[in-house]
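Order of the sequence lines fixes the chain letters, A, B, ..., with proteins taken first and strands second; residue numbering starts at 1 for each chain. Fair warning: this is a prediction, and the values are worked out from it, not measured in the lab.
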Amino acid sequence: MTKIINVIKGTHDILPQEIDKWHILEENALKIFTRYGYKEIRTPIFESTELFARGVGDTTDIVNKEMYTFEKSDKSLTLRPENTAGVVRSYIENGMARLSSPVKLWYKGPMFRYERPQKGRQRQFHQVGIEMFGIKEPTADAEVIFMAVNYLKSLGLNNLEVEINSLGCPKCREEFKNKLKTVLKWEFNNLCEDCQNRYEKNPLRLLDCKVESCKTIFEKPEIQKVIQSDFICEECAEHFVKLKSYLDKLGIKYTVNKLLVRGLDYYNRTVFEIKSNNLGSQNAVCGGGRYDSLVKNLGGEDTPAVGWAMGMERLNSLLPLPEPKKLDGYIVSNSPVNAFELAEELRDNGYNIEFDLSNKKFTKQLEKASKVANYAIILGEDEINAGNVSVKNLATGEQKTVSIQELRSML
RNA sequence: GCGUCUGUCGUCAAGCGGUUAAGACCUCGGAUUGUGGUUCCGAUAUACAUGGGUUCGAAUCCCAUCAGACGCCCCA
């Protein structure tokens, strides 16, 4: 036998038996986001490599280690590892700054990251996400979080934990980073290898280390003092306080997690995640935040923005498997032409109909009907001659002989 | 990139050094040539990831490779 070709590591087929769940995710996204005034946008799956380097940030792992990059006629192209950069590019390129503010966009589609696959993480995975441009007030942060929660509710997912934090603005964050680095300088050689890397790349992440020796170091009073200090400046603090008060008044339960940092460079002020306890170690279904400087960094006008993305495979694994849908009717007949005519007529009227295409025996056809359909529509010689059909309810066994007109009202 | 575990029919699995390598489900056919979902019978003619080794003898033990799962890093 010829050698078969397998799917690529970290990718997988979405098979017919699970596609209903994907439709639920997509239909609810359209429905809920539309209620909040969002329009769908579809951007290309590959973009110029530079977009991600500048947009996502060239200190991030996503850009440094995880991109699918290829060359084509002297251009460096990359399969999108996330979609915020692409949407921002489109926002700028299509002059959406001229649209009346806020501009609200949502998307869904595949993303690509070259990572080691594990539970809740694939190399090709799907995100559904939203971006809102033009509002600097914390009302935007609140609405965006509220919509995320509502979307999850619409999927029947209620027991999820919302975590928020504020990273401050570039200025106050820089100060905090420096303080942290100063106080940890003496301990640098005692930190684990990962922490030594984080020390330069993303000092805020140091605090989340799981290595015991590092935890012990961080517990020292002089270091705790820095960690516990509220580093964010007055304006940033006010923004955060307002956001929290909105969430409180809207009845959204959340916890403030000072260790919530997020790895994408573009975030400032508000960051948030929504987590589930039923997902294993990759437990965030939603991640997002404010990114006020990204539009400008990518060459647009200075425009504040907030957004989030959800991992659709992760959402999917939280959804119960819906009952597979059956056909409305299966025509049992040994007269293909008559079966065709009846099937087409019923299909034109919106019914889902199949019939046997291989001229199987009557009992076989009926057996098939009982597996795939709610009704068997029996169109044998007797019925054809009499100009009617026999309709059998396959759940109850009830059978009636009716005219074709009557048949329509039965299904 | 690192670590741990796992690879037996389309699917789920038994077997743990000597078996014709169970069984169940699915699919297909028959009992049943116009009445299914229950039942009974049968079929699927080359399922032990691949390549080496140890042994009289390997699906079973060892090594390598490949693949998968989970975890670390990082992220949805």
Base of B:C73 paired with side chain of A:R116 (donor-acceptor, under 3.5 Å): no

Separation of the C1' atoms in B:U55 and B:C63, to the nearest angstrom: 16 Å

SB check A:E398 A:K392 (cutoff 4.0 Å): no

Whole-angstrom distance between B:G37 and B:A43, as gauged at atom C1': 22 Å

P gap between B:U38 and B:C28, integer Å: 14 Å

Euclidean distance, atom CD of residue A:Q118 to atom P of B:C5 [Å, nearest integer]: 17 Å

Touch class at under 4.0 angstrom, heavy-atom based, for A:A309 against every strand present: sugar-phosphate

B:C48 versus B:G15 - spacing of their C1' atoms, nearest Å: 10 Å

Touch class at under 4.0 angstrom, heavy-atom based, for A:G380 against every strand present: base

A:Y330 ring center within less than 6.0 Å of A:F355 ring center: no

Touch class at under 4.0 angstrom, heavy-atom based, for A:N334 against every strand present: nothing

Whole-Å gap separating C1' (B:C74) and CZ (A:R314): 11 Å

Euclidean distance, atom NZ of residue A:K119 to atom P of B:C73 [Å, nearest integer]: 18 Å

Salt-bridge present (A:R290, A:D141; N to O < 4.0 Å): yes

Per-nucleotide protein contact string for nucleotides 35-41 of chain B, where B marks a base within reach and S marks sugar-phosphate only (heavy atoms under 4.0 Å, - for neither): BBB----

Sugar-phosphate only, base, or nothing, as touched by A:Q282 at under 4.0 Å among non-hydrogen atoms: base

Atom pair distance, as rounded to whole Å: CD1 in A:I62 and P in B:C74: 12 Å

Rounded interatomic separation in angstrom, taking NZ from A:K361 and P from B:G34: 8 Å

Between the protein and nucleotides 64-68 of chain B, which nitrogen or oxygen pairs are less than 3.5 angstrom apart?
| from | atom 1 | to | atom 2 | distance (Å) |
| --- | --- | --- | --- | --- |
| B:G68 | OP2 | A:K9 | NZ | 3.0 |

Sugar-phosphate only, base, or nothing, as touched by A:E381 at under 4.0 Å among non-hydrogen atoms: base

Parallel, tilted or perpendicular, as decided by the 30° and 60° cut-offs, for the rings of A:Y151 and A:W308: parallel

Rounded P spacing from B:U50 to B:G10 in Å: 13 Å

Sugar-phosphate, base or nothing in reach of A:G120, heavy atoms under 4.0 Å: base

Bracket notation of RNA chain B in which parentheses pair within the strand, [ ] cross earlier pairs, and | pairs with another strand (Watson-Crick or G-U, under 3.5 Å): ((((((((.[[[..)..(....]]].(((((.......))))).....[[[[[..)....]]]]])))))))....

Sugar-phosphate only, base, or nothing, as touched by A:E273 at under 4.0 Å among non-hydrogen atoms: nothing

Between CH2 on residue A:W22 and CG on residue A:L319, distance to nearest 0.5 Å: 10.5 Å

